[in-house]
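Protein chains get the first letters and strands the later ones, always in sequence-line order, with residue 1 at the start of each.
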Amino acid sequence: MVRTRFAPSPTGYLHVGGARTALFNWLFTRKERGKFILRMEDTDLERSSIEYEKLIIEAMKWLGLLWDEGPDVGGEYGPYRQSERKKARIYDRYAKELIDMKKAVYVVYDKEDRKKELFETFDYPEEYIQKGHDITIKFKMPKGVKIKFHDLAKGDMEFLSDDIGDFIIMKSNGFPTYNFAVVVDDHLMEITHVFRGDDHLSNTPKQLAIYESFGWKAPVFMHIPLILGKDKSPLSKRHGATSVDHFRQEGYLPEGLLNYLALLGWRVEEGKEIFNIFEKVEEFETSLISNKNVVFDYEKLEWVNGKHLRSIDIENLCYRFRDYLMYLNMNELVDLLDKDKPYSMEVISICREKVNTMKQLLDISMPFFIESFEYEERYIEDYLKKDFAAPIIERALEMFRKNDDWTVEGCEKVMRDLAAEKIASKKKTFQTIRGAILGKLVTPGLFISLSVLGKDRVLRRLEKALNLARSVKN
RNA sequence: GGCCCCAUAGGAUAACGGCUAGUCCACCGGAUUCUCAGUCCGGAGGUCGGGGUUCGAUUCCCCGUGGGGCUGCCA
């Protein structure tokens with residue numbers, strides 16, 4: 001039975017790099033019908049917090065990368081927080097075992113110069129502890145040994161133990177260090193495959209030395225390339241947004257983000273780069289992942305997201321959009337959306353053709369929902385203030401009042417008739433009306449917008465715009 | 001400094017050791033058009049450098065160079 005884990009440290013938001021690591025673990029596990037485990041590596045007391053843990057869990061759920069065992073759902077291999085495992089003295093027990101086997105030692109430090117090592121000993125340094133010295137436990141790396149392993153991404157690896165040296169496994173505060181805790185936990189949790197960032201490749205021989213000392217079987221490793229920024233340095237805030245939360249706020253769909261993250265360094269068939277990750281599980285192969293660091297491309301992410309935004313069914317999109325507004329605490333708008341669902345659906349349906357994210361969808365659809373929308377400065381300057389504005393709007397008002405056919409074709413006919421009167425050029429005429437009814441110069445198609453808005457809204461807005469045109473006219 | 005990973009256009013990738021090095025995003029031009037987007041057509045742009053092996057190297061080997069990682073009582 002395949003068992004994998006995603007083991008973030010709750011010291012910040014879920015990073016897209018972490019999300020990608022989680023994605024590959026998840027993908028592999030689902031394909032192999034195994035168990036996917038979430039484990040919190042909160043051994044850094046200074047930086048870890050339960051708030052971050054909640055945010056990471058929330059982000060993972062939003063992405064839909066669900067786990068079978070974890071701190072929130074429990075499981076037979078718990079606890080799933082290293083801080084709790086520390087409390088249960090799990091690491092103490094195994095560290096002691098290493099000392100008994102003479103493969104680790106206690107290190108006693110100077111009381112004043114707390115970095116200075118006084119001596120190493122296999123015996124529990126009771127009296128020094130009483131006197132308040134810092135004590136750590138250090139793993140003694142075997143001398144002159146070759147540590148070999150096969151990495152699914154990098155191939156056969158070989159390190160010399162002498163290049164690595166001894167390293168601390170238990171801190172003076174009683175917490176295990178990363179390299180020790182992962183080994184103990186992965187073993188106890190019976191993890192079979194470890195997919196993690198490239199940055200852990202050089203740590204692997206240390207961990208293998210510990211597995212070896214205990215006589216434990218090590219999991220299969222695959223070190224996946226890191227995500228970099230445009231300047232090829234590791235992706236950080238300097239390059240723009242990096243947290244999954246941020247992309248959620250920006251109106252990305254989880255399937256869009258996941259699609260892009262998978263696409264990053266995953267070779268796909270030509271012409272098939274847009275897909276739903278949940279339908280791609282069976283095709284997943286570790287050999288498909290490239291072993292080269294990748295640069296995060298915000299533009300391609302937006303393009304991928306746009307493809308998803310336009311292809312999911314409209315009811316689903318409405319639901320997601322409503323969810324998004326609630327996430328942003330825009331409850332008034334949610335009420336407006338709910339008030340007339342068929343109308344809302346039509347609006348979203350015509351607006352999504354123009355945008356790539358739900359944030360953009362929000363911007364472009366706003367004036368369809370609220371009456372007190374703003375008029376763009378450019379519209380006022382280039383159209384509303386011009387001589388032709390008031391006559392065009394006035395004439396449109398007359399024609400639309402008499403109009404009974406509010407289908408797209410009906411609205412088109414009125415507009416074409418209006419343009420035929422040549423108060424101004426066709427473009428100016430259309431743009432004047434576009435701005436009058438929606439306040440913007442970029443909107444969905446004019447005829448369909450008129451049709452969707454309907455007679456009441458259109459007349460009301462034309463009247464308002466007419467008054468405005470008269471008052472701002474140069 | 002030591003050890004390790006990586007290298008095809010600006011980004012992501014494709015090419016049993018063998019065609020004019022293909023595709024997607026971005027970019028430029030054209031068509032469609034009420035704006036924008038989309039769609040369609042077209043264009044520019046690439047094998048990091050140097051040595052080998054070979055009839056032939058993007059592909060295999062070595063050396064450089066560049067980028068990245070580890071070398072923490074961070075993970």
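When distances are taken from the side chain of A/D44 to each of B/C74, B/A14, B/G69, the shortest belongs to B/C74. Of the candidate nucleotides B/C25, B/G68, B/C36, B/G68 has the atom nearest to the side chain of A/N293. Taking the side chain of A/V295 as heavy atoms from C-beta on, and the options B/A12, B/C3, B/C24, the nearest nucleotide is B/A12. If you check B/G68, B/U71, B/U35 against the side chain of A/N203, the one that comes closest is B/U71. Checking B/C25, B/U35, B/C5 against every side-chain atom of A/D198, the shortest atom distance belongs to B/C5. Side-chain proximity of A/Q431 to the nucleotides B/G11, B/C34, B/U13 is greatest for B/C34.
Taking the ring axis of A/Y109 as reference, the NZ or CZ atom of A/K138 does not stay both within 45° of it and closer than 6.0 Å to the ring centre. A/Y77 carries A/R3 over the face of its six-membered ring, with the cationic atom under 6.0 Å from the centre and within 45° of the normal. Both tests pass for A/K131 against the ring of A/Y128: distance under 6.0 Å to the centre and angle within 45° of the axis.
Here, B/C27 and B/G10 have their P atoms 16 Å apart, quoted to the whole Å. Atom P of B/G68 sits at a distance of 24 Å from the matching atom of B/A75, rounded to the whole Å. For B/G56 and B/C19, the C1' atoms lie 13 Å apart once the distance is rounded to whole Å. When the P atom is compared between B/C60 and B/G38, the two are found 39 Å apart, to the nearest whole Å. Spacing between B/G29 and B/G22 at atom P, rounded to whole Å, works out to 23 Å. The same atom, P, is picked in B/G66 and in B/U13; the two are 23 Å apart, to the nearest Å. Spacing between B/G18 and B/A14 at atom P, rounded to whole Å, works out to 16 Å. For the P atoms, the distance from B/C61 to B/U23 is 29 Å, rounded to whole Å.
Residue contacts shown for A/S9 are limited to sugar-phosphate atoms, with no base heavy atom under 4.0 Å away. Using a 4.0 Å heavy-atom distance criterion, A/M415 is classed as making no nucleic acid contact. Using a 4.0 Å heavy-atom distance criterion, A/L441 is classed as a base contact. If you check every strand for non-hydrogen atoms under 4.0 Å, A/T11 touches nothing. Nucleic acid contact class of A/G165 (heavy atoms, under 4.0 Å, all strands): none. Among the atoms of the strands shown, none is found under 4.0 Å from any heavy atom of A/F296. Nucleic acid contact class of A/P234 (heavy atoms, under 4.0 Å, all strands): sugar-phosphate only. No engagement by A/H223 is indicated, since no non-hydrogen atom pair under 4.0 Å with the nucleic acid exists. When heavy atoms are screened at a 4.0 angstrom cut-off, A/L228 is found touching no nucleic acid atom at all. Among the protein residues, A/K115 comes within range of no part of the nucleic acid, since none of its heavy atoms lies under 4.0 Å from any strand. Residue contacts shown for A/R47 include a base, since a base heavy atom lies under 4.0 Å away. Note on A/R378: nothing from the nucleic acid sits closer than 4.0 angstrom, heavy atoms only. When heavy atoms are screened at a 4.0 angstrom cut-off, A/F447 is found touching base atoms of the nucleic acid.
Neither OP1 nor OP2 of B/C24 sits under 4.0 Å from any side-chain N or O of A/K272. When the side-chain nitrogen and oxygen atoms of A/S290 are compared with OP1 and OP2 of B/U13, one or more of them lie within a distance under 4.0 Å. For the OP1/OP2 pair of B/U13 and a distance below 4.0 Å, the side-chain nitrogens and oxygens of A/K292 include at least one atom meeting the criterion. Phosphate contact (OP1/OP2 of B/G10, side-chain N/O of A/K300, threshold under 4.0 Å): absent.
A/I224 is listed as a side-chain neighbour of A/M222, based on a closest heavy-atom distance under 4.5 Å.
Going from atom CD of A/E273 over to atom C1' of B/G22 covers 13 Å, rounded to whole Å. As a whole-Å value, the separation of A/D199 CG from B/C5 P is 15 Å.
Side chains of A/D231 and A/H239: a donor on one and an acceptor on the other come within 3.5 Å.
A salt bridge between A/K413 and A/E409 is absent, with no side-chain N of the basic residue lying under 4.0 Å from a carboxylate O of the acidic one.
B/G1 is paired with B/U71 under the criterion used here, namely a Watson-Crick or G-U wobble arrangement in which both key atom distances are under 3.5 Å. Of all nucleotides present, none satisfies the Watson-Crick or G-U wobble test against B/A15 with each distance under 3.5 Å. Using Watson-Crick or G-U wobble geometry with both donor-acceptor distances under 3.5 Å, B/G38 finds its partner in B/U32. When both pairing distances are held under 3.5 Å, B/C27 makes a Watson-Crick or G-U pair with B/G43.
For the pairing with A/Y178, the side-chain hydrogen bond (donor to acceptor under 3.5 Å, both in side chains) check across A/E41, A/K206, A/H200 returns one residue only, A/H200.
Ring to ring, A/Y124 and A/F122 are not that close: their centroids are 6.0 angstrom or more apart.
The base of B/C3 lies outside donor-acceptor range of the side chain of A/S202, with no N or O pair under 3.5 Å.
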